[in-house]
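Worksheet: the structure to be examined is printed underneath.
Letters go in sequence order (proteins before strands), and every chain restarts at 1.
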Amino acid sequence: MNTLLNYPVLKKLSSLHWVIAILFASTLYVTVCNLFFAEGTLLHVSDYTVSLLGKYLCYALLALAVDLVWGYCGILSLGHGAFFALGGYAMGMYLMRQIGDRGVYGNPELPDFMVFLNWTELPWYWAGSNNVLFMIVMVFVGPGLLAYLFGSLAFRSRVSGVYLSIMTQAMTYALLLSFFRNEMGFGGNNGLTDFKEIFAYSLQSPDTKLALFVATAIALAAGYAVSHFIMNSKMGRVITAIRDAEDRVRFVGYQPAHFKVWIFVVSAMLAGLAGALYVPQVGIINPGEFSPLNSIEIVIWVAVGGRGTLYGALIGAVVVSYAKTRFTAIMPEAWLFALGGLFVLSTLLLPKGLAGLLDKLLNQISPRQTETTANAEKPAAVEVK
Amino acid sequence: MIVDSKGALLSSQDLNTKHGMILYVEGVSVSFDGFKALNDLNLYIKDGELRCLIGANGAGKTTLMDVITGKTRPDKGKVNFGQQIDLLTLNESEIARAGIGRKFQKPTVFEALSVFENIELSLSGDKGIYSTLFHKLSGAQKDKIEEVLYTIGLIAERNYPAGRLSHGQKQWLEIGMLLAAEPRLLLVDEPVAGMTAQETERTAELLTSLAGKHSVVVVEHDMAFVRSIARKVTVLHEGSVLAEGSMDEIQENRAVREVYLGEEQAEL
C-alpha cells in the first residue's frame, strides 16, 4: 500500500478522479454481477440490492447538495428535503401521465386521484407534464425557483445562522402541509404512485431498475464533477470566504447575498435531480418526503461523513443509509435513537467526520502534505514547516 | 475600479479630485436610540494624505468608518468620494469597488484559505458571479499578488492557511488585501492593537509608505504610534471634530487637553 500510494501517477490524482473511478468500478461490478451471474451463485447481486443501491446513490447526491451550502458556505439548511421532494414530484407527475388509461378508472387523461375527486380536467399546472423534456426542465426549475425566491428574501435581508435554519425548516413544513391537501392537485396524502413505465420501459422490469441505477451513478458523477469544478474555482474560494468572514467579503467588494443565492439554487437543483431519480426507483412520492425529519437526517449524513469535503458527504449518506437499512430490519423503533447517538458521537469524536478519519489513516500509511478541511480539494496549497 | 452614483464603471483615474480632496464628510449626524453617535460632523481628507483619527471611546470613530463604508446610514449629512460619487447611495460592496478599503478592528481574514488566495480574492476587477466562476489568474494579476506579498512581508508565508498566521501577520495580511483592491482611500481601524513593539514599528513603516499613493485614515489609541506616523491629526469628541492639526498643535490645544489628553499627559 505504502509504495502504491507513492506512485507519482497516483499522487497526482485528485479526489474527483478517485470518486469517479470508485463509482465507475462499483457500478460496473454491480451491473456485471446482476446480469451475468445467476441467482444463488456467490457473485450474484439481486434486483432488490440494485434498487437499494440506486436509492443510496440518490441520497449521496442529496448529501452532496447539502454539503455545498452547509459545508462550504455555512448555510445550515434544514429544509433541503423540500427541494428533493419537488424534483420527485416533477418526475412523479410525468410518470403519472404515462399510466394513461391503465389506471383503475381507465381515464386516459386524468390520473386516478383526480377522477376520484370528481375533477373533469387537468389543473393548469399539470399542463406539459406528459412531455419528457418539460419534465426534465421542471426537475431543475421547480426546486431552483423555490430556492431562488427563498434565498433572495433570506440572504438579501441578511438572515443567517439559527434563524435561517428555522426558516428552512418552516418552509419544508409548510410544503408538507399544503401537499397533504387534496385540493393542491398532487394526490394529497397518498401522493403519486402506481407508476407503470418510464420512457416506455416497464418500471417493474429488472433491466429498467438496473438502467435507473446506472443513470443515478452517472448523475452522481456529473453532480460531483460540477461541485468539484465550482469549489476549485475562484467562486469556491469566495464561498468558503463567505463562510469564514462574510463582512470581509462584503468590504472586499463582493455581494455575499448574490453568491449565497447562487450556490443555494445550484444545490437545490442537485437535490431536485436526486429526487427525480429516486421516485421511479421507489415507485412513490408522497408529502412525507417534505417531513422536517428527513431534512435533518440529510444534515446528519453530511456531519457523519465530514462536511466541507465533497467525498465526505457521499460516504456519510451511503454509510448512514446502509446502517438504517440494517438497523430498521432488526429493531425499527430504536433507529432514531441510534441516529441521534451517531450524530452525537461523530460530533464529539470525529469533528471532521469519516472523511477526516480516512485522511488521517491515509496519512499514516503514506504521509503527505496535510490537508485542511476547506483545502482538501487542492493539497498543493498547503505546506507545513 | 470605480463606480459612479448609478453604479456604472469608471476607471480609478476618473475619480475627480480636482480640489485636491478625496473625501468629503459634511454635516453628518447619526443617532442610535436617541444617543448621538455623530453630531454634525465635518471631515475633509486630501488626496494622498495620511490622517490619524483619535478620540476617547464613544467619540464616534468607528461609527464614522461605518458611515463612510456604507454599513451605517446617517440621519442627515453628505458623504462624497471625490467630486462625483455620493457614497450614501451605494452599498458596502459597491463602495469597496469604488475604491475605499477598510480594515476592521479585529483582524478579519479568510482563515481556511492560503495567504496567496486571500490576496487573490481581494484583487480589483469584476466581482460578479460568472466572472468569478470562470476566473483565470492572469500574469499581471500574479505579479500584483507578488508585489502585495512583498509589501506586507509575507512572501515566505504565501501558502500558509491564513488561520495559522500570528496576530500581527493577520493584520498585515488584511492591509495587503486592501492594497490588492487598489483603493484610493484606506480606512484602517486600530492597526497596532495587540502588536509587539517590533510589529508596531513595521506597521508604522508600512502605513507611511502607503501614503502618497493612497489616502490613508488611521484610527488609533496608541499615542506613540500616532506620533510616529501622523502628519495631521483629527480629534473627535462626542460625535464631532474637536480639533485638527499637527500632533504638536493638538497637544497645545486647550480643549483637547481638557477632554482627551488630560489623563495621558504624563505619557506625552
Side-chain angles (χ1 to χ4, degrees), chain A residues 71-74 148 151 156 158 226-266 307-309 352 369-385, chain B residues 1 3 65 69-71 91-104 106-137 141 156-164 174 177-178 180-183 187:
Chain A
Y72 287 88
C73 201
Y148 179 78
R156 271 173 229 276
R158 301 194 186 167
V226 169
S227 308
H228 183 88
F229 171 76
I230 294 173
M231 285 311 155
N232 283 281
S233 70
K234 190 176 170 190
M235 164 75 87
R237 296 194 279 285
V238 172
I239 283 169
T240 315
I242 289 174
R243 179 191 68 193
D244 291 344
E246 186 168 341
D247 259 345
R248 178 79 273 166
V249 176
R250 192 170 289 127
F251 285 107
V252 157
Y254 298 92
Q255 309 256 28
H258 294 182
F259 286 83
K260 283 172 135 181
V261 171
W262 189 85
I263 194 72
F264 200 59
V265 169
V266 169
R307 66 190 170 117
T309 58
K352 287 179 179 172
Q369 293 163 322
T370 343
E371 298 179 12
T372 61
T373 318
N375 285 336
E377 302 300 311
K378 41 181 173 28
V382 185
E383 51 188 44
V384 189
K385 268 194 183 167
Chain B
M1 215 170 273
V3 285
M65 295 265 187
T69 52
K71 199 175 179 189
N91 67 28
E92 290 109 313
S93 45
E94 284 163 348
I95 290 174
R97 289 199 299 272
I100 297 184
R102 175 177 188 181
K103 205 199 85 57
F104 297 111
K106 183 171 161 272
T108 321
V109 296
F110 308 134
E111 308 231 326
L113 302 178
S114 71
V115 169
F116 184 92
E117 290 167 335
N118 268 269
I119 307 281
E120 179 207 359
L121 289 195
S122 316
L123 287 174
S124 61
D126 191 346
K127 306 230 160 115
I129 300 259
Y130 291 96
S131 54
T132 306
L133 185 57
F134 297 107
H135 184 78
K136 283 256 178 324
L137 266 186
Q141 285 175 317
E157 290 82 4
R158 55 191 301 147
N159 290 329
Y160 277 34
R164 284 225 192 113
E174 199 178 354
M177 289 162 73
L178 301 188
E182 298 177 2
L187 305 175

Problem set entry | Distance, nearest 0.5 Å, that separates CD of Glu117(B) from OG1 of Thr240(A) | 8.5 Å

For this session: Would you name the heavy atoms of Val252(A) and Lys127(B) that are closest together and state the gap between them?
Result: O-NZ, 2.9 Å

For this session: Kindly assign one of parallel, tilted or perpendicular to the pair Phe134(B) and Phe229(A), based on the angle between their ring planes and the thresholds 30° and 60°.
Result: tilted

Problem set entry | Contacting region of Leu123(B) [heavy-atom separation from chain A under 4.5 Å] | neither

Exercise. Between Glu120(B) and chain A, which part of the residue has a heavy atom less than 4.5 Å away: side chain, backbone, both or neither?
Worked result: both

For this session: Under 4.5 Å heavy-atom distance to chain A, tell me which part of Asn91(B) shows up: side chain, backbone, both or neither.
Result: side chain

Exercise. What distance separates Phe251(A) CZ from Glu174(B) CD, expressed to the nearest 0.5 Å?
Worked result: 11.0 Å

Exercise. Quick one: CZ on Arg243(A) to CG on Leu113(B), what's the gap to the nearest 0.5 Å?
Worked result: 8.0 Å

Seminar exercise, completed: Heaviest contributor of heavy-atom pairs below 4.5 Å to chain A, chosen from Leu178(B), Thr108(B), Ile129(B), is Ile129(B)

Exercise. Atom CG in Leu137(B), atom NZ in Lys234(A): separation rounded to 0.5 Å?
Worked result: 7.5 Å

Seminar exercise, completed: The reported gap from CD in Glu94(B) to CD in Gln255(A) (rounded to nearest 0.5 angstrom) is 6.0 Å

Exercise. In terms of heavy-atom pairs under 4.5 Å with chain B, which of Ala241(A), Ala245(A), Pro256(A) leads?
Worked result: Ala241(A)

Seminar exercise, completed: When rounded to the nearest 0.5 Å, the distance separating CZ of Arg248(A) from CZ of Phe104(B) is 5.0 Å

